[in-house]
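Structure record follows, encoded as structure tokens.
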Amino acid sequence: MTYQFDFSALWAFWPEFLQGAWLTLQLSAVSTVLGFVLGTLCAIGRSDGPPWVKFLVASYVEVIRNTPLLVQVFIVYFGIATLGIKVSANAAAVIALVVNVGAYTCEIVRAGLESVHKSQLEAADCLGLSKPQIYWHVIIRPAIERVYPALTSQYVLLMLASSITSQISAEELTAVANRIQSDTFRSFETYIVVGIIYLALSFVVRIALWLFGLVVFVRKRKLGTAL
Amino acid sequence: MPGFSLVHLEFLGWAAMWTLGLSAIAFVGGGLVGFAVALMRISPIRWVRYAAIAYIQVVQGTPLLILLFLIYFGIAIVGFQEVPALIAAGIGLTIYSSGFLAEIWRGCLQSVPKTQWEAAECLALTPWQRMTRVILPQAMRIATPPTVGFLVQIVKNTSLASVVGFVELAQAGKLINNSIFEPFTVFMVVAAIYFAICFPLSTWSRRLERKLNVSRR
């Protein structure tokens with residue numbers, strides 16, 4: 001092996017790496033928030049809605065979970081274009097990621113909703129809580145608190161999966177790497193650097209979500225126990 | 001311009017075979033490496049355990065796309081020129097699936113009650129006997145549903161092998177789309193084929209899970 005590693009050529013590109021990483025974080029953050037809302041609504045619909053809603057949500061979840069994100073991204077990006085609507089690569093990327101992560105969130109949150117014990121609902125009913133109150137305090141919040149670790153891993157995976165949107169030239173970290181390596185011909189070094197950035201990002205996302213959990217789930221923080 | 005025709009469907013079917021082949025390589029290779037890493041992960045020797053943890057963290061913390069690029073360019077650096085895309089994609093997906101399977105199987109190994117490990121030791125079984133006669137038969141029962149579930153992930157992720165020039169289902173769809181430009185039809189058909197492969201697997205995984213939980217209900 002006579003290959004000489006040369007990372008020096010990459011130094012000049014650090015602002016671009018940074019910008020790519022920033023866009024990756026932005027894409028993931030937006031998709032996480034929207035995907036969480038979509039997924040939670042779907043989970044509620046699937047466990048409590050009328051039969052046709054249940055069927056619709058179940059089909060959505062199965063279709064999304066059994067097809068590759070890459071193909072979903074292509075369908076959104078090229079599909080919308082053939083409908084005559086012009087969307088930027090970034091917007092298409094967000095749409096595809098939201099639709100994708102919504103389905104996974106739905107499954108996770110549904111598991112949480114199902115774990116709420118029936119006696120809890122009866123107790124809430126006896127205490128005279130209204131239906132929305134029961135939903136918010138007794139069902140949704142404890143359910144999400146319980147599945148929060150699973151959601152965290154899912155959203156870290158989402159951040160990593162956002163690299164796939166480089167295939168429709170959304171200008172996130174992987175796309176930046178593809179451009180830099182073709183400019184510098186330092187392909188291996190470029191991808192090592194980007195790999196390390198992704199590792200750091202997944203660490204950052206994990207920590208951020210953990211802190212967010214501490215802030216949001218007061219009861220868990222104070223008692224220090226799982227439900 | 002000719003539209004989507006049977007010729008294209010035949011091409012997609014042929015590409016689907018490559019998707020299945022690549023999935024099989026990734027599963028077998030990833031299974032072998034992953035099992036070794038899972039054993040390392042629960043080893044009593046500290047540095048072995050830490051090495052396994054580091055490996056899992058790195059594989060799970062970087063996108064598969066980056067991993068594939070690294071393998072693709074890395075192979076050239078090591079001195080092999082003109083490596084078939086199948087090999088590069090196979091290595092990349094093997095590493096990827098080993099990182100996840102190791103973590104899944106570690107959980108399954110550790111979910112075998114501690115008393116079983118202790119009892120085996122009290123009966124003076126060698127570590128090998130303990131693993132093959134006592135722990136694995138019990139762990140494998142627990143491991144089957146999540147492993148089948150992960151197969152779905154492997155099949156879906158072979159779609160990324162297109163970046164190293166491997167023509168599997170997603171890449172075949174892209175090639176067809178480049179010639180007839182009917183992206184919606186083409187990728188819907190591609191998605192349908194993926195669904196036809198993955199849906200039975202996820203259903204099977206779910207059924208296994210239900211079967212396993214009977215005793216706990």
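Computed from a predicted model, the values in this text were never measured in an experiment. Below, read A as the first sequence line, B as the second, and so on, with proteins coming before strands; counting in each chain starts at 1.
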(request) Tell me, yes or no, whether the heavy-atom count around B:E10 atom CD, taken from other residues, nucleotides or ligands under 6.0 Å, exceeds 12. (result) no

(request) Report the C-alpha distance between A:N178 and B:F69 in whole Å, list the side-chain angles of each, state the deciding distance to 0.1 Å, and finish with yes or no for side-chain contact (heavy atoms from CB on, under 4.5 Å). (result) CA-CA 9 Å; A:N178 293 346; B:F69 280 132; 3.5 Å; yes

(message) If I measure from the heavy atoms of chain B, does A:L157 come under 4.5 Å with its side chain, its backbone, both, or neither?
(response) side chain

(message) Take a 6.0 Å sphere around OH of A:Y148 and say whether it holds more than 12 heavy atoms from other residues, nucleotides or ligands.
(response) yes

(message) Please classify the contact between A:S166 and chain B as side chain, backbone, both or neither, with a heavy-atom cut-off of under 4.5 Å.
(response) side chain

(request) Could you tell me whether the side chain of B:K156 reaches within less than 4.5 Å of the side chain of A:L69, counting heavy atoms only? (result) no

(message) I'd like to check B:S162 versus A:L70 (side-chain heavy atoms, cut-off strictly below 4.5 Å). Are they in contact?
(response) yes

(request) Mind ranking A:L199, A:I197, A:V194, A:V71 by heavy-atom pairs under 4.5 Å with chain B and telling me who comes out on top? (result) A:L199

(message) Would you say that more than 12 heavy atoms from the other residues, nucleotides or ligands in this model lie under 6.0 Å from the CZ of B:R207, or not?
(response) no

(message) Counting heavy-atom pairs under 4.5 Å with chain B, which one of A:T82, A:I196, A:I164 comes out on top?
(response) A:I164

(message) If you count every heavy atom of other residues, nucleotides or ligands that lies below 6.0 Å from A:I207 atom CD1, does the total exceed 12?
(response) yes

(message) Taking side chain as everything from C-beta outward and backbone as N, CA, C, O, which of these in A:V156 sits under 4.5 Å from a heavy atom of chain B? Side chain, backbone, both or neither.
(response) neither

(message) More than 12 heavy atoms of other residues, nucleotides or ligands under 6.0 Å from CH2 of B:W117: yes or no?
(response) yes

(message) Nearest 0.5 angstrom please: B:F199 CZ to A:R65 CZ, how far?
(response) 10.5 Å

(message) With a 4.5 angstrom heavy-atom cut-off, is it the side chain or the backbone of B:Q60 that approaches chain A, or both, or neither?
(response) backbone

(request) Give the minimum heavy-atom separation between A:L160 and B:P63, together with the two atoms involved. (result) O-CB, 3.5 Å

(request) Tell me, for A:S202 versus chain B, whether the close heavy atoms (under 4.5 Å) come from the side chain, the backbone, both or neither. (result) side chain

(request) Identify which part of B:V155 has an atom lying under 4.5 Å from any heavy atom of chain A, answering side chain, backbone, both or neither. (result) neither

(message) Checking side-chain contact (heavy atoms from CB on, under 4.5 Å) between A:S163 and each of B:L64, B:L65, B:L160, which is the one that passes?
(response) B:L65

(request) Would you indicate whether A:Q19, at its atom CD, is surrounded by more than 12 heavy atoms from other residues, nucleotides or ligands within a distance under 6.0 Å? (result) no

(message) Tell me which of these, A:F78, A:Y198, A:Y191, has more heavy-atom pairs under 4.5 Å with chain B than the rest.
(response) A:Y191

(request) Over all heavy atoms of both residues, which pair between B:F195 and A:E62 is shortest? Give the atoms and the distance, please. (result) CE1-O, 3.5 Å

(message) Between A:Q181 and chain B, with a heavy-atom cut-off of 4.5 Å, which part of the residue counts as in contact: side chain, backbone, both or neither?
(response) side chain

(request) Can you see which heavy atom on A:F188 is nearest to which on B:L70, and at what distance? (result) CE1-O, 3.2 Å

